[in-house]
Every structure is written in C-alpha cells, then in structure tokens.
Amino acid sequence: MSTVLVTGGNGYIGSHTVISLFENGYDVVIADNLANSKMEVQRRLEKICGRSFKFYNVDCCDEEALSVVFEENKIDAVIHFAGLKAVGESVTIPLDYYSNNIGSMITVCRLMKKYGVRELVFSSSATVYGMSEDVPFTEESPLGVCTNPYGWTKWMIEQILRDFSKAEPDMKICLLRYFNPVGAHESGLIGEDPRGIPNNLFPYISKVAGGTLEKLTVFGDDYPTPDGTCLRDYIHVCDLADGHVKAIQYLDSHDSGVCLFNLGTGKGTSVKEAIAAFEKACGHPINHVFGPRRPGDIAVCYASTEKAEKELGFKARYTIDDMCSSCWKWQTMNPEGLSDN
Ligand code: NAD
Ligand code: UDP
C-alpha cells in the first residue's frame, strides 16, 4: 500500500482529500501545525473512515521537526496543502505569507530529496493567471501579474518547483491549479470552517442562511456579464479531492518532470446564480444587498477542463446545487463551526 504524506491535511481541502485517498486504498500520514484548523477534524475523519490517521502537529517550515515524519514513515508521495490562504491578510502581513508558504515548500522539497521521495502534488491556484479575462483559462494561458502576496507565493512556488525538477531529474511533480473550491463532505461532518468573519462567498452565504450573519453584500452588479455580477468556476471540494487521487495515479504511471492541470468544472456561475442556488438548498431567501466592486476582482474566471479530462481522466461530477446543499448540511450540523480543542 502506498503512503501519502498530506501536509495541511487537517485543513479544508486536505481533510476531504484524506478521505478520497483512504477510499482509494492509500495510507495517509498528516502533518499540520493547526495554524488554520482544529484537532476536532481528526476525530471527524475517524468517524467517516472508521480509522484514525497518523497525525503530526508540526510546522512544515521546521526541517528538523518535519524530518521526524519522514524518518518514522515510509512516504511514497507528498501532497503539499500546508500554507496560509487569506488574500486580504496576505496584503497586511506579506512576510509571514512569503516565509510560511515558500519556506514550507522548500523544506518539504529538501526532505523529499533527502529521503528519496519522488512524487509531489502542489496546491496552486487559478490566481496565477492574474487579471486576464481571456477565458477559459487553459494550462497554456500566460501567467499573469498577481494582485496580492498570496497569489505571488503560488506563482513563485510553481517556478521554484520547475527549477527543482530541472536540478533533480528523478522528481515527478504535479501542479494543480484550483478554481473555487466550495461545498462539504456528504456526511456533514467536515467542511470549510473559517475563523472569524468569512471573506469568501460560500462560507459567507452559509452564515447568512444560518442566521449568524445578517446580510451578504454582493460586490458589484455592473460587470460586463449577463446579470452584472462576477462569474466564477465553483468546484465541489469532493471533486477536487478526487482530482488529487488522479494526480497521484498519474505520477505513478508517468515519467519524471513537471505536469500541470486546472481543476475546475469549466462552468461560470454568477454571484446572483449562486445566491439563487443556495436559496433553493436552504429553502428560504438569503438577505443580500448590492455594494461596490471589491478591488482586485475580475469579472469572469473559469477553467478549460480539456487537459485534465483527457490526460488525468478527471471530470467534476457535482453541480452547483450539490455544492449548495452540502454546504447547507455542514452549516446546519455545525452552526458554530468545530470546537476548538
Ligand atoms: P486551509 O487553511 O483550510 O488548510 C491549510 C492547512 O495547512 C491548515 O490546516 C493549516 O493549519 C495548515 N498549515 C498552514 N501553514 C502550515 C505550516 N507551515 N506547517 C504545517 N501546516 C500548516 O486551506 P485550504 O482551503 O484547505 O487550502 C489548502 C491549500 O490549497 C492551500 O495551500 C491553499 O493556498 C490552496 N488553495 C486553496 C484554495 C481555496 O479556495 N480554498 C484555492 C486555491 C488554492
Ligand atoms: N463575493 C461577494 N460578496 C462576498 C464575498 C464574495 O459578492 O461577501 C463575490 C466576489 O466579488 C467574487 C465571488 O463572490 O465575484 C467569489 O468570491 P470569493 O472570494 O469566494 O472567490 P474569488 O473571487 O476570490 O476567487
């Protein structure tokens, strides 16, 4: 049985990916410093999978501490989710973002080299396409100018990994550019659990629907789109998780080097459509008002899914209605999020 080290495996996408790996016959070891997640996630994973996973509370920037994980386990592949991801916060504390996101990636690469682990999957983002609106974004679309330090960390890590691969020709590296992951596991036991007031659309709508927040502000309704609000490519987190299993399987059966795939649905959904879909899922209106545009937002962003479909065998299965109903189930089962211990 192959063992996959999942850094950041206690977080939103990581925890869903742990389940997909488990369901596909992989063993999993998790390394997470709980910077943005709670230990309760491990208990929830145990409930869902019927077994616990080896968990290390470790900062992936700390080479000595992380080396224990490689020392104590025979790791076959790494999926590197560990990182800070709040766009606005990255503008306020850029040095923390650069040092955490880039530092952890470099440390993981050093240890992979030292322990002879050849397969790496990295969580990149559609944000590397920058402000271009030449949609759909294909893997060949030019990299853009990022609008915040968070985006630049993804951009820079992609480059670091290309250089690392040139210097270490045995490495097999897969860059996955996620579009907008939303939704939650069908059990309602794990989902997105942001600290404080959410910045992203779906966690915000969920809290308004659940009555914890009073109203949603729609950022701009004067965009050049059919209903004036921005279009995004929302992808169910369980589809995204399956995409990681496909990526590991792809690396298993391919030669070394860097490969790159978008993970999206290929469909743009507007903010107004997302609200309507959520209203259908929760059965009542979502209180919302229209406000000014949010700086840095582009009107339209969605993926070309052709390459992932052809080469990775990946196709998203879930619809926007599935995303909303799973979010709503997660919200109603955990109105206050997960407990902190
Ligand atoms: P998340 O914050 O829920 O999960 C990240 C996990 O990494 C958290 O559990 C956190 O505690 C941990 N972590 C952070 N720094 C660490 C460190 N130095 N050492 C050990 N653990 C550390 O975020 P997520 O939404 O699950 O995102 C996972 C990855 O995917 C991130 O790299 C993120 O940038 C990327 N990504 C996310 C999105 C999105 O919309 N959620 C989109 C594109 C890319
Ligand atoms: N959005 C909004 N109100 C909010 C949060 C987000 O209208 O409170 C809009 C945002 O302008 C964008 C879309 O919802 O058009 C998705 O935003 P999110 O932050 O979730 O993802 P991103 O645009 O950063 O990919």
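For clarity, every value in this text was computed on a predicted model and none was experimentally measured. Both counts, for ligands and for their atoms, begin at 1 and track the order of listing.
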How far is atom 18 (P) of ligand 2 from its nearest protein heavy atom, and which residue and atom name does that atom have? Asn200 ND2, 3.5 Å
Just by distance, no angles: are the side chains of Tyr115 and Glu71 close enough, under 3.5 Å, to form a donor-acceptor pair? yes
Suppose we measure from atom 15 (O) of ligand 2 to each protein heavy atom; which comes out shortest, and what is that distance? Cys230 CB, 3.0 Å
Among Tyr26, Tyr178, Phe122, whose ring-ring contact (aromatic ring centres under 6.0 Å, His included) with His244 holds? Tyr178
Under a 3.5 Å threshold, yes or no: a donor from one side chain and an acceptor from the other, between Lys307 and Asn262? no
Kindly say whether Glu214 contributes a backbone atom to a donor-acceptor pair with the side chain of Asn287 at under 3.5 angstrom? yes
Report, in ascending order of atom number, the atoms of ligand 2 lying under 4.0 Å from any heavy atom of Val218. 7 (O)
Using a 3.5 Å cut-off on N/O to N/O, what pairs does ligand 1 make with the protein? A line per pair would be great.
unit_1	atom_1	unit_2	atom_2	d
ligand 1	2 (O)	Asn36	ND2	2.7
ligand 1	3 (O)	Tyr12	N	2.9
ligand 1	9 (O)	Gly11	N	3.3
ligand 1	9 (O)	Asp32	OD1	3.2
ligand 1	9 (O)	Asp32	OD2	2.6
ligand 1	9 (O)	Ser37	OG	2.7
ligand 1	11 (O)	Asp32	OD1	2.7
ligand 1	11 (O)	Ala35	N	2.9
ligand 1	11 (O)	Asn36	N	2.9
ligand 1	13 (N)	Asn33	OD1	3.4
ligand 1	15 (N)	Asn100	ND2	3.2
ligand 1	18 (N)	Asp59	OD1	2.9
ligand 1	18 (N)	Asn100	OD1	2.8
ligand 1	19 (N)	Cys60	N	2.9
ligand 1	21 (N)	Asn33	N	3.1
ligand 1	21 (N)	Asn33	OD1	3.2
ligand 1	25 (O)	Lys85	NZ	2.8
ligand 1	26 (O)	Tyr12	N	3.3
ligand 1	26 (O)	Ile13	N	2.8
ligand 1	32 (O)	Phe81	O	2.9
ligand 1	32 (O)	Lys154	NZ	2.9
ligand 1	34 (O)	Tyr150	OH	2.7
ligand 1	34 (O)	Lys154	NZ	3.0

Is the closest N or O pair between Val271 and ligand 2 shorter than 3.5 Å? no
Only heavy atoms count here, so choose which of Ile275, Leu201, Leu213 is nearest to atom 14 (O) of ligand 2. Leu201
Among the heavy atoms of Tyr223, does any lie under 4.0 Å from an atom of ligand 2? no
May I ask you to identify the nearest protein heavy atom to atom 11 (O) of ligand 2, giving residue, atom name and distance to one decimal place in Å? Asp297 OD2, 2.6 Å
When you measure from atom 17 (O) of ligand 2 to every protein heavy atom, which one gives the shortest distance, and what is it? Arg294 NH2, 3.4 Å
Protein contact of atom 3 (N) of ligand 2 - nearest heavy atom, named by residue and atom, plus distance: Thr217 O, 2.8 Å
Of Tyr234, Phe219, Phe202, which has the heavy atom at the shortest distance from atom 16 (C) of ligand 2? Tyr234
Under the side-chain contact (heavy atoms from CB on, under 4.5 Å) rule, collect the residues that match up with Ser187, sequence neighbours excluded. Ile48, His185, Leu189
When Tyr302, Phe202, Tyr318 are each screened for ring-ring contact (aromatic ring centres under 6.0 Å, His included) with Tyr234, the one that passes is Phe202
How does Asn199 reach ligand 2, by side chain, by backbone, by both or by neither, if only non-hydrogen atoms under 4.0 Å count? backbone
Quick one: list whatever passes side-chain contact (heavy atoms from CB on, under 4.5 Å) with Arg51, sequence neighbours left out. Phe22, Asp27, Cys49, Phe53
In terms of side-chain heavy atoms, does Ser20 have a donor or acceptor partner in Asp242 at a distance below 3.5 Å? yes
Salt-bridge contact Asp233-Lys267 (side-chain N to carboxylate O under 4.0 Å): no
What about Arg232: any of its N or O atoms under 3.5 Å from an N or O on ligand 2? yes
Tell me, please, which residues at least two apart from Arg293 pass salt bridge (Lys or Arg N to Asp or Glu O under 4.0 Å). Asp222
Strictly by modelled atom types, are His288 and Thr217 linked by a side-chain donor-acceptor pair under 3.5 Å? no
Residue pair Glu158 / Ser124, side-chain donor-acceptor N/O under 3.5 Å: yes
Strictly by modelled atom types, are Thr319 and Asp321 linked by a side-chain donor-acceptor pair under 3.5 Å? no
Just which atoms of ligand 2 are under 4.0 Å from any heavy atom in Asn180? 21 (O), 22 (P), 25 (O)
Side chain, backbone, both or neither: Leu216 near ligand 2, heavy atoms under 4.0 Å: side chain
